[in-house]
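Heads up: the structure comes next, in structure tokens.
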Amino acid sequence: MNNSVTNTARLLGAGLRALLVLTVVCGVLYPLAVTGVAQALFPTKANGSEITSGGRVVGSSLIGQQGYGLDYFQPRPAGGLGENSVNTQYELILSGATNRSGDNAGLIASVKEAKAEVVKDNSTAGYQVRPSQVPADAVTSSGSGLDPDISPAYADLQVHRVAERNGLPVARVRALVDRHTEDRTLGFMGEPRVNVLELNTALRNLIKG
């Protein structure tokens, strides 16, 4: 009987010591080490890829924002799982897609409506947008609904409108887009892209002079 109690106590003691050691190592030391390395080597990414303007944080380059006026470049549509009525800068309350199929009548109707709106909004007195010029990302949301990037084609489509509304030369606005166009990751992954928040922040600074 005494041996049984002794063995049980020994096992419980070993289990508690293992729990304590693993808690300290995995729950304290490892997170601190990872956080320290991340802050030392990748401080911007470790802190959420924040973008600042005028000394304050205006958002993250990883999450698309909505609510820009037509003086600025427009992001992809944000279609997803529910609308955010608290902070309309981020339209979706949940990340996700509508999961509509390509032949869904509602999806087809919304794409046609969005394409007509893109053509109307981006046509100016000296530049007429054709429906065939509207890229897919201008009328469809991404899988998450939070894509922060648009295609160079969609950014270029908006250049004339943005230039006209802000009294800027078209060439100057196009050069701004070119400077904020990123190539494929490592030269072969993904597609060329333009981060809308970064581009609009640069545009705001350009307007302010």
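Only this structure's heavy atoms are used, side chains among them; waters, hydrogens and symmetry mates stay out.
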Handout entry: Considering all heavy atoms, the nearest His180-Ala202 contact
Key = CE1-CB, 3.4 Å
Practice task
Kindly indicate, with the supporting measurements, whether the criterion side-chain contact (heavy atoms from CB on, under 4.5 Å) is fulfilled by Arg193 and Thr185.
Solution key: CA-CA 10 Å; Arg193 59 200 180 276; Thr185 303; 3.3 Å; yes
Problem - Distance-only polar pair, side chains of Asn47 and Gln39, donor-acceptor under 3.5 Å - result: yes
Fill in the blank from the handout: In Thr124, Leu176, Leu168, Val177, the residue satisfying side-chain contact (heavy atoms from CB on, under 4.5 Å) with Val159 is Val177
Could you go through residues 48-56 and list every donor-acceptor pair under 3.5 Å that involves a side-chain atom there, pairing it with any protein atom two or more places apart or in another chain?
none

Problem - Asn104 and Ile108, any side-chain heavy atoms less than 4.5 Å apart - result: no
Problem - Closest approach of Pro43 to Leu41 (non-hydrogen atoms, all atoms of both residues) - result: CD-C, 3.5 Å
Problem - Within-4.5 Å side-chain heavy-atom neighbours: Thr23 and Val28 - result: no
Exercise for the section: Evaluate the side-chain proximity of Glu191 to Glu182: yes if any heavy-atom separation is below 4.5 Å, no if none is. Expected result: no
Exercise for the section: Could you grab the distance from atom OH of Tyr68 to atom CD of Gln158, nearest 0.5 Å is fine? Expected result: 11.5 Å
Handout entry: Gap separating the OG atom of Ser142 from the CD1 atom of Ile150, nearest 0.5 angstrom
Key = 13.0 Å
Handout entry: Stepwise side-chain contact (heavy atoms from CB on, under 4.5 Å) test for Phe73 and Val173
Key = CA-CA 11 Å; Phe73 287 90; Val173 177; 3.7 Å; yes
Problem - Shared hydrophobic cluster for Tyr127 and Val118 (ILVMFWY, side-chain gaps under 4.5 Å) - result: yes
Fill in the blank from the handout: To the nearest 0.5 Å, atom CD of Glu198 lies from atom CG of Leu203 at 13.5 Å
Exercise for the section: Could you please spell out the steps behind the side-chain contact (heavy atoms from CB on, under 4.5 Å) verdict for Leu157 and Val129? Expected result: CA-CA 8 Å; Leu157 187 73; Val129 176; 3.4 Å; yes
Exercise for the section: Could you tell me which non-hydrogen atom of Val196 sits nearest to which non-hydrogen atom of Pro75, and how far apart they are? Expected result: CG2-CA, 4.0 Å
Problem - Cluster overlap Leu20 with Leu29, hydrophobic side-chain contacts below 4.5 Å - result: yes
Handout entry: Pair Arg165-Leu70, side-chain contact (heavy atoms from CB on, under 4.5 Å): steps then yes or no
Key = CA-CA 8 Å; Arg165 283 179 167 265; Leu70 291 178; 3.6 Å; yes
Problem - Contact check, side chains of Thr140 and Arg76, non-hydrogen atoms, under 4.5 Å - result: yes
Practice task
Quick one: closest heavy-atom pair of Pro77 and Ser141, and the distance?
Solution key: O-CB, 3.0 Å
Practice task
In sequence, state the C-alpha distance, the side-chain angles, and the governing distance for Ser151 and Asp137, and then conclude on side chain to side chain donor-acceptor pair (under 3.5 Å).
Solution key: CA-CA 7 Å; Ser151 66; Asp137 62 304; 2.9 Å; yes
Practice task
Taking the side chain as every heavy atom from C-beta outward, state whether Gln128 and Val119 have any atom pair closer than 4.5 Å.
Solution key: yes
Problem - Side-chain heavy-atom pair Arg184, Met189 within 4.5 angstrom cut-off - result: no
Completion exercise
On a heavy-atom basis, the closest approach of Arg174 and Asp156 is NE-OD1, 2.9 Å
Practice task
First locate atom CG of Asn200, then atom CG of Leu206, and finally report the distance between them rounded to the nearest 0.5 Å.
Solution key: 12.0 Å
Problem - Side chain to side chain, Tyr72 and Val162, heavy atoms closer than 4.5 Å - result: no
